[in-house]
K.L.:
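Supplied in structure tokens, the structure appears directly below.
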There are 2 protein chains.
Amino acid sequence: MVDKNTKDWSGCPVRFGMSQFGDKWSFLIIRDLMFKGRKHYHDFAEAGEGISTNVLATRLADLESNGIISKLRDPLKGSRFIYALTQKGKELMPMMLAMMDWAEKYDADTEVPQEFIKKLRNNPDKLKQEILGNLPK
Amino acid sequence: MVDKNTKDWSGCPVRFGMSQFGDKWSFLIIRDLMFKGRKHYHDFAEAGEGISTNVLATRLADLESNGIISKLRDPLKGSRFIYALTQKGKELMPMMLAMMDWAEKYDADTEVPQEFIKKLRNNPDKLKQEILGNLPK
DNA sequence: AAATAACACTTGTAAATATAAAGCGAATTT
DNA sequence: AAATTCGCTTTATATTTACAAGTGTTATTT
């Protein structure tokens with residue numbers, strides 16, 4: 001017997017996560033929406049990591065069909081759309097913050113502002129609320 | 001200005017995470033090591049998700065070279081190896097637990113034992129220590 | 001000691017996915 | 001009305017992954 005707490009899950013939560021957002025580009029899009037204030041197609045396309053446009057289009061469509069992001073016409077400019085995290089998407093924040101905490105510890109080059117890290121380690125819930133407050137809607 | 005807490009990171013922690021374990025198979029291997037008591041090559045190969053052997057070999061090598069897992073001869077059977085999480089790997093647990101918490105909420109089919117979920121939401125640190133205590137070494 | 005089996009890969013080939021660049025239609029700007 | 005912006009979509013090529021079979025090393029059996 002391995003671990004009485006976990007046993008052998010058939011409907012595995014990690015596998016579910018992977019099926020919903022389990023690739024590099026999805027993570028980076030979620031990061032852009034959650035922490036960088038990006039919301040337009042070209043924001044993601046030109047974010048520096050160099051996603052190709054067809055991959056971006058399919059990732060946005062997948063995230064939308066999984067209910068993690070929403071897509072609405074931009075009222076300020078009808079030729080473009082505004083992408084935003086849904087409630088389901090916003091609730092990925094604890095996972096993202098945990099990843100960032102880990103990365104800051106193990107990557108000497110990770111440039112997370114010290115103030116951010118301090119908040120993250122002292123009072124993560126407060127930080128989470130602050131970031132949520134800055135998100136659209 | 002978008003968010004004074006995040007600004008524009010060049011050494012992005014999410015990107016770092018993706019470079020270290022940022023694909024579906026790496027997540028599933030980490031899950032197997034962290035929660036399922038798996039430690040041998042064939043455990044991963046036959047875990048049910050159907051990873052092909054060459055991909056498994058390269059993922060194990062990558063995770064090892066990134067310092068997330070270790071690889072040692074099995075003293076009980078010299079023809080095989082024991083894979084285990086390093087300290088760096090074990091510290092991915094908060095991220096994994098956060099993902100599982102989210103998945104349990106949004107996937108009706110996710111079969112995480114209720115006892116596990118209750119512990120996770122009431123006292124995650126205690127749960128974490130329990131799981132750590134069950135891990136090798 | 002030799003043959004067999006178990007184990008962890010490695011290789012070859014086909015299929016799927018990613019990248020890069022160009023093209024397209026609708027909406028806006030000029 | 002013409003030109004431009006925007007969000008894709010398509011196409012061609014490159015890379016990655018999947019699947020099947022094979023290889024080398026280490027146990028185990030005979």
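What you see is a predicted model; the values in this text were computed from it and never measured. Letters A, B, ... are given to chains in the order of the sequence lines, protein chains preceding strands, and every chain is numbered from 1.
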K.L.:
Which nucleotide in the list D/dA18, C/dA8, D/dC8 gets nearest to the side chain of A/Y83?
P.N.:
D/dC8
K.L.:
Among D/dC19, D/dC8, C/dC9, which is the nearest nucleotide to the side chain of A/F81?
P.N.:
D/dC8
K.L.:
Within the structure provided, determine whether B/N66 and B/F21 are in side-chain contact (heavy-atom separation under 4.5 Å).
P.N.:
no
K.L.:
Among residues 61-70 of chain B, which contact DNA chain C at a heavy-atom distance under 4.0 Å?
P.N.:
none
K.L.:
Among D/dC8, C/dC9, D/dG7, which nucleotide has an atom closest to any side-chain atom of A/R80?
P.N.:
D/dG7
K.L.:
Separation of B/L56 atom CG from D/dC19 atom C1', in whole Å?
P.N.:
14 Å
K.L.:
Quickly work out the A/H42 NE2 to D/dT4 P distance and round it to whole Å.
P.N.:
18 Å
K.L.:
Starting from P on D/dT23, measure out to OH on B/Y41 and report it in whole angstrom.
P.N.:
17 Å
K.L.:
Rounded to whole angstroms, how far apart are NZ on A/K71 and P on D/dC6?
P.N.:
16 Å
K.L.:
Starting at CE of A/M18 and ending at C1' of D/dT17, how long is that distance when rounded to a whole Å?
P.N.:
18 Å
K.L.:
Between A/D74 and A/K39, is there a side-chain N and carboxylate O pair less than 4.0 Å apart?
P.N.:
no
K.L.:
Base, backbone or nothing for each nucleotide of nucleotides 21-30 of chain C, written B, S, -, heavy atoms under 4.0 angstrom, 5' to 3'?
P.N.:
B-----SS--
K.L.:
Could you walk me through whether B/Y106 and A/Q20 pass the side chain to side chain donor-acceptor pair (under 3.5 Å) check?
P.N.:
CA-CA 10 Å; B/Y106 287 105; A/Q20 295 259 308; over 6 Å; no
